[in-house]
Amino acid sequence: VDYLLEYLRFPSISTQSEHLKDMVACANWLKDLFETLGMKAELHETPGNPVVVAKNAHKPGLPTLLIYGHYDVQPPDPLEEWTSKPFEPTIRDGRIYARGATDNKGQTLAHILGAGELLKDGDLPVNLTFLLEGEEEIGSSNLEDFLQKHRESLACDIIVISDTMMAADYWPTIAYGLRGIASLEVIVRGPERDLHSGIFGGAVANPITAVSRLIASLHDEKGHVRIEGFYDKVHPLQDWEREATSKLPIKENDFLALAGSPILWGEEGYNTFERVGARPTAEVNGIGGGYQGEGTKTVLPKEAFAKFTFRLVPDQTPEEIQALAEAHFKKYCPPGVTIEVRHGHGGLPYFVDPTSKYSIAAKKALKDTFGKEPALMREGGSIPILQQFKTILGADTLLVAFASPDCQIHSPNENMPIRNFETGIQVHKALLKELAACR
Ligand code: BES
Ligand code: ZN
């Protein structure tokens, strides 16, 4: 727990360039930790934030396991909604509160410390490689090149990641699918400067109205995405999967409570877990333009913007969805304004066979540790580099969660129950034992 508290004190916010120094300091802290625990560690420069690679002494003949995680975190705002400060980790009611406590510092540190304990006992049954990056929360755009360059040194039989969520509180869970992501920003411009809305209102188009119309054009009233071609590559849900989602240890009402929303609402024809795990979506993440201050200001703004992300399922690709969305926005942009569409980061969706020998080994490790059959589910979040692990390193990934559904990742008061963290260390040990026996 002391190690985790130290790790959480770095404000390693990858999306804000002012934190560059903190990124490097955090990566160096990891390198030192690996060395303290008896592993060989290296810090690699990239065009972005450094990558940390650490290994035990690899022996020929043993299976090689790569564990991936990220030391970067999301911005902590809104700050006023935190009970304790986001980078001053605080323990309350058996939970550690801090940005990154779960996503992803707590979850990866459980693996690191598990490996450290096994090393100390001279008991490490596999070749272990840790790969920790600092750009996951901004799309991992420098990691693909890094994998290409270091593919030999990173060669492995199987990859394990703990960056997903448990299906229910303290319920062992393996995710066998994650959604991909495509991000995009629309900027609509009208008059060359902000205008008096009495003098000019009615005579020129309003960019905020135009952006609002574009946002409204994205869905029909049944929650389907209206972009032409959006669903062309989407596979229908299979019967066994629909049956499996109905048996998950979490019910719609539990999910509603977690969301803290008035009701659950989404695409017609699917239940909540199907909507989140197996259906693609279009979300607006931010909107701006015009006067945001106190009181009123009669202004006709010169421009407005909206930021979007699309969650993707197999076989959608970010490039294709960005192109379809751009065509859609250009087609539906009302007259009187100009539109600029900027493409942002992207990541492919992922799907792994939940019946492979490695998945079976992971299920056994979880069952032995928790004394409970693990849940199998497709989850809605994205880990952008996942598919590149498959194409570049040729290895599948097991997604084993230590985070309970109420850990509030990306939200204020993110936290990690100490029990989950400590069990994570035990899961790591059990996993290594099972994977070592898995030939
Ligand atoms: N840990 C999440 C991914 C995740 C969340 C998987 C919930 C399954 C369930 C990861 O750190 C994350 O937030 N990824 C971003 C990627 C994006 C910024 C490119 C995401 O999903 O928004
Ligand atoms: Zn995240």
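Whatever order the structure lists them in is the order used to number ligands and atoms, beginning at 1.
At a heavy-atom distance under 4.0 Å, no atom of I138 approaches ligand 1.
No close placement of the Y71 and Y7 rings is indicated, their centers lying 6.0 Å or farther apart. Ring centroids of F421 and F402 are separated by 6.0 Å or more, keeping the two rings apart. Aromatic ring centres of Y68 and F389 lie closer together than 6.0 Å. In summary, the aromatic rings of Y176 and Y350 are positioned with their centroids too far apart to meet the 6.0 Å limit.
The ligand atoms of ligand 1 that sit less than 4.0 angstrom from a heavy atom of E137 are 11 (O), 12 (C), 13 (O), 14 (N), 15 (C), 18 (C). Using a 4.0 Å cut-off to heavy atoms of P384, the atoms of ligand 1 that qualify are 19 (C). Residue H345 has at least one heavy-atom neighbour below 4.0 Å for each of these atoms of ligand 1: 19 (C). Close approach of ligand 1 to G381 is summarised as follows: ligand atoms under 4.0 Å from at least one heavy atom of the residue are 4 (C), 5 (C), 6 (C), 8 (C), 9 (C), 21 (O). Near H70, with a cut-off below 4.0 Å to any heavy atom, the atoms of ligand 1 are 11 (O).
The aromatic rings of H111 and H428 lie perpendicular to each other, with more than 60° between the two planes, well past the 30° mark.
A 6.0 Å sphere centred on CZ of F255 holds no more than 12 heavy atoms belonging to other residues, nucleotides or ligands.
To the nearest 0.5 Å, atom SG of residue C438 and atom CD1 of residue I360 are 8.5 Å apart. In this structure, CD in E88 is found 11.5 Å from CH2 in W82, a value given to the nearest 0.5 Å.
Shortest distance from the Zn ion (ligand 2) to D103 is reached at OD2 (N/O/S atoms only). Of all the N, O or S atoms in E137, the one closest to the Zn ion (ligand 2) is OE2.
Legend: residues meeting salt bridge (Lys or Arg N to Asp or Glu O under 4.0 Å) with D406, ordered by chain and number and at least two apart, are R95. For the salt bridge (Lys or Arg N to Asp or Glu O under 4.0 Å) test, residues two or more places apart in sequence or in another chain that qualify with E373 are K367.
Heavy atoms of L178 come nearer than 4.0 angstrom to ligand 1 in at least one pair.
For atom 5 (C) of ligand 1, the nearest non-hydrogen atom of the protein is I409 CD1, 3.7 Å. The shortest contact between atom 9 (C) of ligand 1 and any protein heavy atom is with E379 OE1, 3.3 Å. The protein atom (non-hydrogen) at minimum distance from atom 10 (C) of ligand 1 is E136 OE2, 3.1 Å. Protein heavy atom at the shortest distance from atom 3 (C) of ligand 1 is S382 O, 3.4 Å. Closest to atom 4 (C) of ligand 1 among all protein heavy atoms lies D163 O, 3.5 Å.
Between R311, M377, H410, it is R311 that holds the heavy atom closest to atom 22 (O) of ligand 1.
When distances to the Zn ion (ligand 2) are checked against a cut-off of 2.8 Å, H70 contributes no N, O or S atom below that limit.
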